[in-house]
Amino acid sequence: MDKVFSPRDIEQRLYAHWEANGWFAPRGAGAPFCIVIPPPNVTGTLHMGHAFQDTIMDALTRYHRMRGADTLWQPGTDHAGIATQMVVERQLAAEGKRRTSMTRDAFIERVWEWKAHSGGTIARQLRRLGASVDWSRDRFTMDPGLSAAVTEVFVKLHEDGLIYRGKRLVNWDPVLLTAVSDLEVLSEEEDGHLWHLRYPLADGSGHVVVATTRPETMLGDTAVAVHPDDDRYRALVGRDIALPLTERRIPVVADTYVDPAFGSGCVKITPAHDFNDYEVGERHGLPKLNIFTPQASINDDAPERFRGLDRFEARKRVVAELEAAGLVERIEAHKLKVPRGDRTRAVIEPYLTDQWYVRVAPLAQPAIEAVERGDIRFVPGNWSKTYFEWMRNIKDWCVSRQLWWGHRIPAWYDAAGRVYVGRDEADARRRHNLAPDLPLTRDPDVLDTWFSSALWPFSTLGWPARTPELAKFYPTSVLVTGFDIIFFWVARMVMFGLKFMDGRPPFRDVYIHGLIRDGEGQKMSKSKGNVIDPLDIVDGIDLESLVAKRTTGLMQPHLAPAIEKTTRRQFPQGIEPYGTDALRFTFAALATQSRDISFDLGRVAGYRNFCNKLWNAARFALLMVESTGDTGAADASDFPIADRWIRSRLGRTLEAVDAAFAEYRFDYAATALYEFTWYEFCDWYLELAKPVLQGEAGAAAQRTARRTLLETLEILLRALHPLMPFITEEIWQRIAPLAGRAGATVMLAPWPARADLPVDEAAEAEAAWIQRVILVLRQVRGEMNIAPSRRIPVLASHGSAGDTERLARHGLYLTRLAGLERIDVLAAGAHPPAAATALAGDLQLHVPMAGLIDAGAEIERLGKLIAKNENELKKARGKLANENFVRNAPPDVVAQERERIAGFERDLAQLGPQLARVRSLLPAP
RNA sequence: AGGCGCGUAGCUCAGUGGUAGAGCACUUCCUUGACAUGGAAGUGGUCGGUGGUUCGAUCCCACUCGCGCCUACCA
């Protein structure tokens with residue numbers, strides 16, 4: 001083995017080997033365990049959030065697979081209607097072409113070409129992360145099977161009256177020329193103006209003042225509203241306004257929607273261009289006058305001179321004309337929330353169109369109950385509140401999109417505009433008894449991508465066909481996802497799952513993980529220029545490439561210099577290659593229940609070092625075995641103390657890891673494994689085992705030590721495998737045969753059984769004594785700055801019979817690990833020489849000062865120790881002096897406090913005289 | 001406006017009604033035959049503030065300050 005672990009050499013080779021052997025597929029036996037991957041956008045690339053999520057899913061999958069479950073991690077991608085169409089349209093634009101100048105079929109052909117060309121990126125990246133998904137079952141939302149599922153669901157929902165078509169206000173993206181859902185609109189506060197306009201009464205008896213942030217919409221006003229109880233305007237209700245710039249008269253209506261305290265108390269009502277005004281209009285039977293084209297310029301229903309103007313041009317023109325007419329009372333600066341499309345950033349218009357809607361209230365009720373009943377469990381549990389909050393205020397879901405790329409709505413219209421829904425045109429004719437020659441045209445719209453995503457847990461398993469996979473793996477075991485798509489996706493999957501799978505939810509647990517942010521807590525985004533490609537952490541990247549990556553393809557190119565500067569400051573050396581295992585272990589360690597996770601490259605470096613530590617522990621084990629060539633079995637009935645101890649500790653570690661996986665605490669699992677590996681296995685066990693392995697305790701003990709070394713390392717590798725698949729496999733291939741474990745791969749080896757490694761209290765107590773003695777001696781060495789290579793003599797005194805016996809028994813360990821020249825027991829009654837003294841209970845360990853220790857330093861050290869003990873003693877005594885404490889606290893807490901006091905008193909009784917002795921060595925001042 | 005969350009070591013974060021923890025950073029010593037991506041020792045925190053409950057509060061409760069997210073929004 002190389003001296004340093006280099007992931008680059010092994011990862012891709014091992015993954016290819018696993019995949020070629022078909023080891024990711026379900027094995028057909030055992031309890032089913034299934035996760036469906038949240039389908040990433042087929043044209044996208046893997047970001048840190050994906051990598052985090054995939055690490056968690058892979059850890060769960062590998063863990064349950066090793067535990068013998070019949071395990072399926074179902075992969076796939078979604079077609080991302082809007083995003084993909086935009087990408088391809090941009091490509092066309094670069095060629096000087098437009099979508100609208102080609103046929104729909106030709107365009108869709110282009111999209112498929114693009115998918116074939118770049119759709120594999122995500123899959124390649126997933127492989128690099130070690131994701132053990134069953135590639136043979138890879139699915140895409142536009143596959144024929146999944147498309148059939150979409151049609152089936154649409155038709156059934158329509159049959160049940162849960163899908164309807166209606167003319168409503170929708171969020172309209174005037175760039176994409178499609179409706180988008182509420183969830184795809186981001187409202188952010190921006191600087192704008194509030195225009196206060198004078199609207200004259202039709203009879204010339206005065207005017208009212210209305211305020212607006214969008215003056216151009218006044219062309220579509222069909223009323224002015226006041227509050228019914230507002231005395232100022234009561235007399236105006238029912239009278240007419242002469243709407244400026246138009247020839248129209250509009251009524252004054254009374255509606256409680258108006259807040260009399262805001263502004264003038266008069267509100268212009270534009271039912272076709274404002275959601276609130278729409279409601280007011282419905283209540284008062286007002287006409288809905290649409291004044292915009294789909295591109296949001298003024299249409300032919302507005303006065304002629306405004307027609308064709310873009311909405312923002314029209315705004316200027318309207319304001320100018322009103323000002324000229326003296327109808328602008330004032331203009332004030334105003335902050336307002338501007339709705340923008342999450343893809344285009346274009347200002348979204350409420351726009352009156354025909355759309356398809358899912359009536360969600362009847363679907364939401366069972367979905368709420370499923371979580372209330374506990375059929376579905378959110379982890380952490382608090383997220384159920386977010387889910388309930390949204391579910392209980394849910395609105396109908398606009399599912400039609402005016403795009404070409406996506407699942408086309410299975411609805412046909414006759415010449416009169418009557419609509420017929422069916423699985424295909426023939427089915428539609430059959431269902432509605434239409435003549436074969438009746439001309440029908442298909443609805444041009446497609447469905448929201450989330451509509452197909454909502455079917456994912458059962459469509460990927462073969463629904464509507466009743467496949468064996470569906471029978472076995474539905475409901476799936478756990479959904480792993482981020483809180484940002486609880487509304488978009490989780491809620492909708494629950495609704496559709498319950499509806500179409502006989503009331504059975506799509507998953508048992510929903511594990512919600514945090515959002516990966518950069519090292520400074522900022523959300524990672526291309527426009528901020530702070531994204532990190534997870535594979536750049538795996539493979540490393542030089543500074544120039546990183547800068548180039550972050551500054552090309554920006555939506556706002558003017559940000560490039562700032563991004564470059566920050567990048568150069570934060571990564572002056574670029575990013576080192578850390579390997580997949582280190583990255584994965586970092587994700588696991590960061591997977592706390594926190595909502596935000598700041599990603600710190602320093603952590604990755606730390607876990608890269610951890611990989612190297614493990615690598616070198618294995619290297620040591622192999623060296624030990626190779627040097628003697630003897631791997632034969634030893635007598636397990638007589639394990640020496642270090643062996644018994646490490647087995648016991650490993651058993652406790654497995655217990656902690658099992659508990660951690662059961663509650664989705666990957667941070668606990670990572671910490672338990674890290675601490676065991678480094679602090680117990682490497683720091684203590686290997687060091688204790690060294691002299692034995694090197695033959696200093698005889699051949700039998702050597703054989704036994706070798707056996708424990710190989711066995712515990714082999715078990716540890718299995719326990720680490722779900723989090724660090726590559727390094728564990730690479731080492732396991734070499735260690736397992738020596739440890740007597742057969743098998744082609746660690747990924748199919750059984751998960752280590754906790755019961756094989758029972759707790760050994762006696763061994764742990766014995767080891768604790770050894771560690772304590774070594775530790776206090778090292779403290780003396782450390783604080784006295786004694787070079788590690790310097791062997792020191794030690795004299796022991798005041799020890800119990802047990803101490804003396806242990807000193808004799810463990811002399812080898814103590815000598816090696818504390819760097820001793822010799823350790824002798826001082827004869828009873830004899831006085832130790834001038835020495836620095838370490839305490840281990842009653843046992844005193846004297847390090848003669850001659851030539852080694854500076855009396856002043858020892859005085860300082862003792863002084864600190866005494867002060868610390870006195871401080872704790874004082875606190876503990878204070879507690880016990882309080883009779884309420886003694887009376888009310890649990891007896892074991894009181895007893896523990898008494899023990900602590902005894903310990904402090906004992907140490908102080910020893911330290912005080914020792915300090916006096918050392919002081920007496922110094923010349924009098 | 002409503003909902004949720006956060007504030008613990010210089011930084012990033014765990015945590016518990018009973019002696020405050022980790023990684024990184026920092027200080028000192030050490031290239032000893034697994035590993036300098038290493039070893040040994042060490043420094044560092046009135047757990048945001050105030051009050052309450054309790055024998056005891058970093059933890060539970062109330063209020064408060066600061067920060068963040070989500071949802072709905074007044075023209």
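Chain A is the first sequence line, chain B the second, and so forth, proteins listed ahead of strands; every chain is numbered from 1. Just so it is clear, the structure is predicted and the values come from calculations on it, not from any experiment.
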- For A:Glu897, answer base if it contacts any base atom (sugar-phosphate contacts may also be present), sugar-phosphate if it contacts only those atoms, and nothing otherwise; contact means non-hydrogen atoms under 4.0 Å. nothing

- Task: Report the stems of RNA chain B as range-with-range entries sorted by first number; a stem here is at least three consecutive pairs, Watson-Crick or G-U wobble, both distances under 3.5 Å, and write none if there are none.
- Result: B:1-7 with B:65-71, B:10-13 with B:21-24, B:26-30 with B:38-42, B:48-52 with B:60-64

- Item | Side-chain heavy-atom pair A:Arg232, A:Val226 within 4.5 angstrom cut-off | no

- Under a 4.0 Å N-O cut-off, is there an ion pair linking A:Arg900 with A:Glu872? yes

- Message: So if I take every side-chain heavy atom of A:Ala617 and compare against B:G18, B:A40, B:A34, which nucleotide ends up nearest?
- Response: B:A34

- Query: What is the distance from CD1 of A:Ile786 to C1' of B:A40, rounded to the nearest Å?
  - Reply: 12 Å

- Do A:Glu349 and A:Arg214 come close enough that some side-chain heavy atom pair is under 4.5 Å? yes

- Query: Between A:Glu389 and A:Thr386, does any side-chain donor sit less than 3.5 Å from a side-chain acceptor?
  - Reply: no

- Task: Establish, with yes or no, whether the OP1 or OP2 oxygen of B:G39 is under 4.0 angstrom from a side-chain nitrogen or oxygen of A:Lys613.
- Result: yes

- Message: Measuring only the P atom in each nucleotide, how far is B:A57 from B:A25? A whole number of Å is fine.
- Response: 37 Å

- Message: Please tell me whether A:Phe5 and A:Trp615 form a close aromatic pair, meaning their ring centres lie under 6.0 Å apart.
- Response: yes

- Item | Qualifying residue, where the test is ring pair (Phe, Tyr, Trp, His ring centres under 6.0 Å) with A:Tyr387 and the options are A:Trp489, A:Phe378, A:Phe487, A:Phe483 | A:Phe378

- Query: If the C1' atom of B:C60 is compared with that of B:G68, how far apart are they to the nearest Å?
  - Reply: 25 Å

- Message: Mind checking if A:Ser594 touches a base, just sugar-phosphate, or nothing, with heavy atoms under 4.0 Å?
- Response: sugar-phosphate

- Message: So that I can tick it off, tell me whether A:Arg315 and A:Glu216 are bridged by a salt bridge, with the cut-off set at under 4.0 angstrom between side-chain N and carboxylate O.
- Response: yes

- To the nearest Å, how far apart are A:Gln896 CD and B:U19 P? 7 Å

- Item | Separation between the C1' atoms of B:G5 and B:C74, rounded to whole Å | 28 Å

- Message: Rounded at 0.5 Å granularity, tell me how far CG in A:Leu845 sits from CZ in A:Arg772.
- Response: 10.0 Å

- In whole angstrom, give me the gap between the C1' atoms of B:C6 and B:U58. 15 Å

- Please lay out, stage by stage, how A:Tyr607 and A:Tyr674 fare under the test ring-ring contact (aromatic ring centres under 6.0 Å, His included). CA-CA 9 Å; A:Tyr607 295 123; A:Tyr674 181 95; 5.5 Å; yes

- Would you indicate what A:Asn882 reaches in the nucleic acid, counting non-hydrogen atoms under 4.0 angstrom: base, sugar-phosphate, or nothing? sugar-phosphate

- Rounded to whole angstrom, note down the P distance from B:A20 over to B:A36. 37 Å

- Message: Taking the cut-offs as 6.0 angstrom to the six-membered ring centre and 45 degrees off its axis, would you call A:Lys690 and A:Phe620 a cation-pi pair?
- Response: yes

- Query: When the P atoms of B:A75 and B:A1 are considered, how many whole Å apart are they?
  - Reply: 15 Å

List, with names and distances, any nitrogen or oxygen atoms from the protein found under 3.5 Å away from nitrogen or oxygen atoms belonging to nucleotides 20-26 of chain B.
residue	atom	partner	partner atom	Å
B:G23	OP1	A:Tyr679	OH	2.2

- Look at all strands and tell whether A:Leu713 reaches a base, only sugar-phosphate, or nothing, counting heavy atoms closer than 4.0 Å. nothing

- Message: With the threshold set at under 4.0 Å for non-hydrogen atoms, list the residues of residues 261-278 of chain A touching RNA chain B in residue-number order.
- Response: A:Phe262, A:Val267, A:Asn276

- Is any side-chain heavy atom of A:Thr677 less than 4.5 Å from a side-chain heavy atom of A:Lys613? no

